[in-house]
*Asks:* 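Structure below; questions to follow.
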Amino acid sequence: MFDRDLWREIFQSINMNRTRTLLSGFTVTFAILLFAILFGITNGLTNTFDEAFKDDATNSIFINSGRTTQANKGLQAGRQIQFKNEDYDYIKKEFGDKVQFITARVYKNVNASFQNEKNSYSVRAVHPDHQYLENTKVTQGRYINQLDLNENTKVVVIGRLVENDLFLKTTAIGKYINLNGIQYKVVGVFEDDGGDNEERLIYMPISTAQQIYGNNDYIDQINLTYNPAMGYDQAIAFSGLLTKKLKDRFSVAESDQRAVRVRNLANEAKGINQMTTGLGMIVLVIGFGTLIAGVVGISNIMIFIVKERTKEIGIRKALGASPKSIVSIILMESIFITVIAGFLGLVIGMGVLELVGPSLEKFFIKDPKVSLSLVVSATVTLIAAGGIAGYLPAKKASKIKPIVALRDD
Amino acid sequence: MLKINKLHKSYPIGDSSLHVLKGIDLSVESGEMVAIMGSSGSGKSTLLNIIGMLDEADEGDYILDNVPIKNLTEKKAAIYRNRFLGFIFQSFNLINYKNALDNVALPLYYQGLKRKERIEKGLFHLEKVGLKAWAEHLPSELSGGQKQRVAIARALAADPKLLLADEPTGALDTTTSYEIMAFLQQLNDEGKTILIVTHEEDIADMCKRIVRLVDGVIMEDKFVEQVRASQYV
C-alpha cells in the first residue's frame, strides 16, 4: 500500500485521464460538500435548541398551582391551591428515586440598597438544589446551603449584575445588603447563561423568606429534575403520575388544567430530539444518495480506464504481473480519487460553513460546524466507497488474459 | 530445455469445435534458434501461446526447463512467465506513457527488485541493445527498429531461459528487420535459446532450425545452415 512504485503508476494513470478523473471526482466532491453543509446546518439548529434550554437543566419539571376551575368532591370551583413545605417533603419522599434535584421557590420583590445605591430586584427563596436546576455558576463565595435553611440565616447570593449595580467601588462578598429594611449578608455572587434578567436575581434560603415575609410555610413553585437515567418516555410517564398524585392530594378534578400544573421539559425535548433525529436522517439519505452517484461515476471511469488499458494490462501480465498487482493498482487508484475528491468537498464545505455561519444566526442556525467524528467517519466511508467503486473494474482487470498482448490492433 | 508431447488444442466455435493443434511433438535444446513457420490458421500462434503460458493445452505434456507446465493458477503462470520467458511482439507492445528505461525495468518490478537495482539492470540491458542514450525517451520518440530493440532489452531484463518472438520483424522494413535479426543472432551466439514465429522465409533462414506447421501438425522439422543477417546490414 505504501509502495512508491505503485503510487507512481497511479499518478501516471491519473495524469493520462486528467479530465475524466476530475469530472468523476467532482461528483464525489459535490456529494461530500452537500453533506457537510447540510450536516453543519443540522448541527446549527441543534445548537440553537440547546441554547434555548441552556438556562434550565433539560430534564426539568416545574410544578405550579392556581385556582380550581371545577367543583370536585364537594369542594367549589375557584378554590386557590397553595403548596406548602409538606408538599415539597411529600414529593421528595414519594418519588425519591426518580428525582435528581428538587427545590421549592418563594418569590418576593424587594428594594435593595447598599450605601447610596438603590434598585429593585426579584428575590427567589430556594433550597440548595436550586443551583443545579438553574445551572447557576457561583463565581465568588458560596451558594445557599442546608445550614442556612436549618438556622434561617439572613444571607443572600446575588447576581453579577446586582453586584455591578450596587457595589460600585467594592466587592459584595461579606458586605451587608439592605432588602426592604432588613440587612442580609452577601455570601456569594453568581453568573447565569440565561441572560441579564437571570443575573439580576437574589437568592436566599427559603426558610428565611418564609419566616420573614409571611411567617408561614407557603411555597410558590416546586422545581425538580428527574433522574437522567430515565428516557423521555419514562420521564413523561413520571410527570403524569406526579400530576395525578398531586391532584388527588389537593382533591382537584383530574381534568382540571389550572389548579395543579406540571410542565415537563422532556415533552419539548422529546419533540426537538425527534425533529433533529429526523433532520439528521434526511441529511444522511441525501448525502449517501449523492455519494452513491459519485461512486457510480468513479466506477464508470475506472471501467473505462480498464477497457482502454486492456492491452497494457495484458502486456503487464505477459511480463509477469500477478492478478493481485493489477487489482491493487485499480483499487488504489479508485480509493485515491474518491478520498481526495471527498476531502476536497469536506474542506470546501467546512470553509463555506465558516464563511456564512455567522450570517445564518437569524435563521435559528447557530455556529454550524462539522464535528471531528464526522470527519473520521467520512474518511472511513470514502475509503469504503472508493473500494466499492473500484471493485468491479478491478475484477474486470484481473480477468484480462495476457493473450490480448499478442493481438494486433 | 523445452519438451512438448502430443499436444492438442481446440477452440469452441458455436456448437462445434475447431481442432487447431493435432498432436504436436517438439523438443528444443538449450542454445537453439528455432523458426516456427506456417500460414495463418496453421496453429503456429496457438503453439506459441501455449509455450508462452498465455494459453493452456487440452491434452499433452509441456515441460520447460524440467518444470512440468500444467494446471497453472494465474498467479503461478505469472511467476513462471516472469522467470522463464521473454516476449518479443510484432507490435513491440511497449507501454506508451513509460520511457524506454521504465519499460525495460517493468519485468524487474514484478520480480520485486528495488528501484535502484531495476534502474541499474535496465540501463545495462539498454546499453546492450545500444540505446542507453535513449533511456529517458518515450516510445513515441523512437523509430520502429529502436522500439523493437527496447522490447528486446525488456525481454532480456529478467534473464529468461527462453526468448519467444512473435513475428518480431513483421512491422519493420527489410533493413531494420535484418538489424533486429542480426541482434537476435548475436544473443543466440551468446547462448540464449530463441523461438521465432514467422511467415517470412528470409527470416526463417536466419535461424538454425525450421519447424513448419500445416493444419495443426508438424510437416517438416529440419536443421538449416544459418544465414548471417550481419552481411546485409
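Just so we're on the same page: letters track the sequence lines, and every chain starts at 1.
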*Asks:* Quick check on Tyr109(B) against chain A: is it the side chain, the backbone, both or neither that has a heavy atom closer than 4.5 Å?
*Replies:*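 The answer is the side chain of Tyr109(B).
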
*Asks:* Flag the one option from Arg83(B), Gln111(B), Lys98(B) with the top tally of heavy-atom pairs under 4.5 Å to chain A.
*Replies:*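 Answer, by heavy-atom pair count under 4.5 Å with chain A: Lys98(B).
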
*Asks:* Under 6.0 Å between ring centres, would you say that holds for Phe336(A) and Phe11(A)?
*Replies:*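 Ring-ring flag for Phe336(A)/Phe11(A): true, centres closer than 6.0 Å.
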
*Asks:* Under a 4.5 Å cut-off applied to non-hydrogen side-chain atoms, are Lys324(A) and Lys75(B) in contact?
*Replies:*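 Of all side-chain heavy-atom pairs linking Lys75(B) with Lys324(A), none is under 4.5 Å.
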
*Asks:* Below 4.5 Å from any heavy atom of chain B, which atoms of Arg309(A) appear? Answer side chain, backbone, both or neither.
*Replies:*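 Contact with chain B involves the side chain of Arg309(A) alone.
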
*Asks:* Main chain of Ile51(B), side chain of Tyr62(B): is a donor-acceptor contact present, judged purely on distance under 3.5 Å?
*Replies:*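 Checking the backbone N and O of Ile51(B) against the side chain of Tyr62(B), a donor-acceptor pair under 3.5 Å is found.
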
*Asks:* Report which part of Arg154(B) has an atom under 4.5 Å of a heavy atom belonging to chain A: side chain, backbone, both, or neither.
*Replies:*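 The side chain, not the backbone.
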
*Asks:* Just by distance, with hydrogens left out, do Asn103(B) and Tyr97(B) show a side-chain donor and acceptor under 3.5 Å apart?
*Replies:*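 Absent: no donor and acceptor within the cut-off.
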
